[in-house]
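We're numbering straight along the sequence, starting at 1.
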Amino acid sequence: MARREFSASRIPGFPTVAILVFVALYMPILMLVIYSFNAGDSIAIWEGFSFKWYPVAWNNEQVREVTFRSLTVATMASVIATTVATMAALGTTRRRRTGGQTFIYLMINQPLMVPEIVTAVALLIFFASIKVATGYQGLGYLIAAHSAFCIPFAYLPIRARLEGMDRTLEVAASDLYATPWQAFRHVTLPLLMPGIAAGLMLAFVTSLDDVVITLFVKSAGQDTLPTYMLAQIRRSVSAEVNAISTLLLLLTVILLTAFFLLTRKRD
């Protein structure tokens, strides 16, 4: 008799548990989206279908201000983090294996393993000393903090792309008298672009959604969209917050879908 291949779906009760897990994960998000179209002010009582909270959110000057700040910080932080992550990935994959390779990999991915609150407190202490010494209170601290936190998120897909690339073309370019820079520019970089784009999007989403580090590092008047929403929820929850959350969710889904399409294995 042929041996039957193991399948988790054949385990008794597995489909039920899987359905319950998906319901627990996605039902609150679904309810958020549904109640963003509620005609009334209540977040618990359905009073009819309406799009009115989306124009209300758009016409809120403070919402536009914090949204623009969030996009500015996320864009700059993701570009910086992706640039550093690309150089780090090249340095850890396009070189001879050394005894400290694992340690270097561990240090680059350290923010992923340390609780975010620990990283936030460390950044707070570090930037507070600089603020006292320089007197500068600008947005640069928030961009620098987000950049440092997002580096490992950008590093992982870029390194994965590099490790999956066949080095034959790079070796061939060297054999044809291409300089290291020419080989990188014309061979390595074009092949690496999907990984760089994926790392950029992942870093952007991580920075855009961050709350803990932003709360610890930001100065007065530097709220981002997530911290603004948190402050609004502490006072009162309105359907306007649901509308903003839905739009933020839509942007995140679009970017993560693009990330999946760029990083999936092709036949």
Side-chain angles (χ1 to χ4, degrees), residues 15-78 116 120 139 142-143 146 149-150 153 157 197-216 218 220-264:
T16 303
V17 173
I19 292 172
L20 290 175
V21 169
F22 275 98
V23 169
L25 285 174
Y26 293 105
M27 184 57 71
I29 298 176
L30 179 62
M31 295 300 296
L32 167 72
V33 174
I34 291 174
Y35 275 93
S36 70
F37 298 102
N38 188 12
D41 295 335
S42 174
I43 64 166
I45 302 175
W46 180 258
E47 299 179 30
F49 184 87
S50 174
F51 285 99
K52 76 173 187 177
W53 294 111
Y54 289 89
V56 168
W58 175 255
N59 294 324
N60 188 326
E61 184 177 349
Q62 193 173 5
V63 170
R64 292 203 301 269
E65 179 184 347
V66 297
T67 301
F68 178 75
R69 185 179 296 117
S70 293
L71 292 175
T72 300
V73 171
T75 300
M76 298 186 69
S78 60
E116 189 176 354
L139 202 62
L142 201 54
I143 294 172
H146 279 223
F149 181 69
C150 291
F153 292 94
L200 180 70
M201 287 185 290
L202 193 57
F204 181 86
V205 170
T206 302
S207 174
L208 188 66
D209 292 345
D210 185 78
V211 175
V212 177
I213 290 177
T214 305
L215 284 174
F216 275 76
K218 73 180 183 70
Q222 293 183 353
D223 272 320
T224 60
L225 186 58
T227 59
Y228 167 80
M229 292 170 60
L230 180 62
Q232 293 299 308
I233 290 174
R234 286 174 176 172
R235 288 193 285 267
S236 62
V237 181
S238 70
E240 181 184 1
V241 174
N242 292 343
I244 298 171
S245 302
T246 301
L247 292 174
L248 190 60
L249 173 66
L250 178 62
L251 175 61
T252 303
V253 168
I254 292 173
L255 291 175
L256 290 179
T257 301
F259 169 79
F260 169 76
L261 294 175
L262 285 170
T263 56
R264 67 176 178 175

Shortest non-hydrogen pair, Ser70 vs Leu225, comes out as OG-N, 2.6 Å
So, for Ala39 and Glu47, which heavy atoms are closest and what is the spacing to 0.1 Å? CB-O, 3.6 Å
Under a 3.5 Å threshold, yes or no: a donor from one side chain and an acceptor from the other, between Tyr54 and Ser36? yes
To the nearest 0.5 Å, tell me how far Thr16 OG1 sits from Leu20 CG. 6.5 Å
If you round to the nearest 0.5 Å, how far is CE of Met229 from CD1 of Ile244? 6.0 Å
Could you go through Phe153 and Val205, starting from their C-alpha distance and side-chain angles, then the distance that decides it, and tell me whether this counts as side chain to side chain contact (heavy atoms under 4.5 Å, CB included)? CA-CA 10 Å; Phe153 292 94; Val205 170; over 6 Å; no
So, taking the atom named CG in Leu247 and the one named CH2 in Trp53, what distance separates them when rounded to the nearest 0.5 Å? 14.5 Å
Would Cys150 and Ser207 satisfy side chain to side chain contact (heavy atoms under 4.5 Å, CB included), going step by step from the backbone distance to the final call? CA-CA 7 Å; Cys150 291; Ser207 174; 3.8 Å; yes
Between Arg69 and Gly221, the two heavy atoms sitting closest are NH2-O, 3.3 Å
What are the two closest heavy atoms between Leu249 and Val33, and how far apart are they? CD2-CG2, 3.9 Å
Under the 3.5 angstrom rule, does the side chain of Thr75 hit a backbone N or O of Thr72 as a donor-acceptor pair? no
List in chain and number order the residues that pass salt bridge (charged side-chain N to carboxylate O under 4.0 Å, His left out) with Asp223, two or more places apart in sequence or in another chain; answer none if no residue qualifies. Lys218
How long is the gap from CG on Asn60 to CD on Glu65, to the nearest 0.5 Å? 10.0 Å
Heavy-atom pair with the smallest gap, counting every atom of Asn242 and Tyr35: ND2-O, 3.7 Å
Just verifying a value: how many Å separate Thr214 OG1 and Leu208 CG, rounded to the nearest 0.5 Å? 10.0 Å
Going through the distances and angles, do Leu200 and Phe204 end up as a side chain to side chain contact (heavy atoms under 4.5 Å, CB included)? CA-CA 6 Å; Leu200 180 70; Phe204 181 86; 5.6 Å; no
Over 60° means perpendicular and under 30° means parallel, so classify the ring planes of Phe49 and Phe51, tilted if in between. perpendicular
When rounded to the nearest 0.5 Å, the distance separating CG of Leu71 from CE of Met76 is 13.0 Å
Which heavy atom of Pro157 sits nearest to which heavy atom of Gly199, and what is that distance? CG-CA, 3.6 Å
Can you list everything that forms a salt bridge (charged side-chain N to carboxylate O under 4.0 Å, His left out) with Glu116? Sequence neighbours excluded, please. none
Counting only heavy atoms from other residues, nucleotides and ligands, does the tally under 6.0 Å from CH2 of Trp58 exceed 12? no
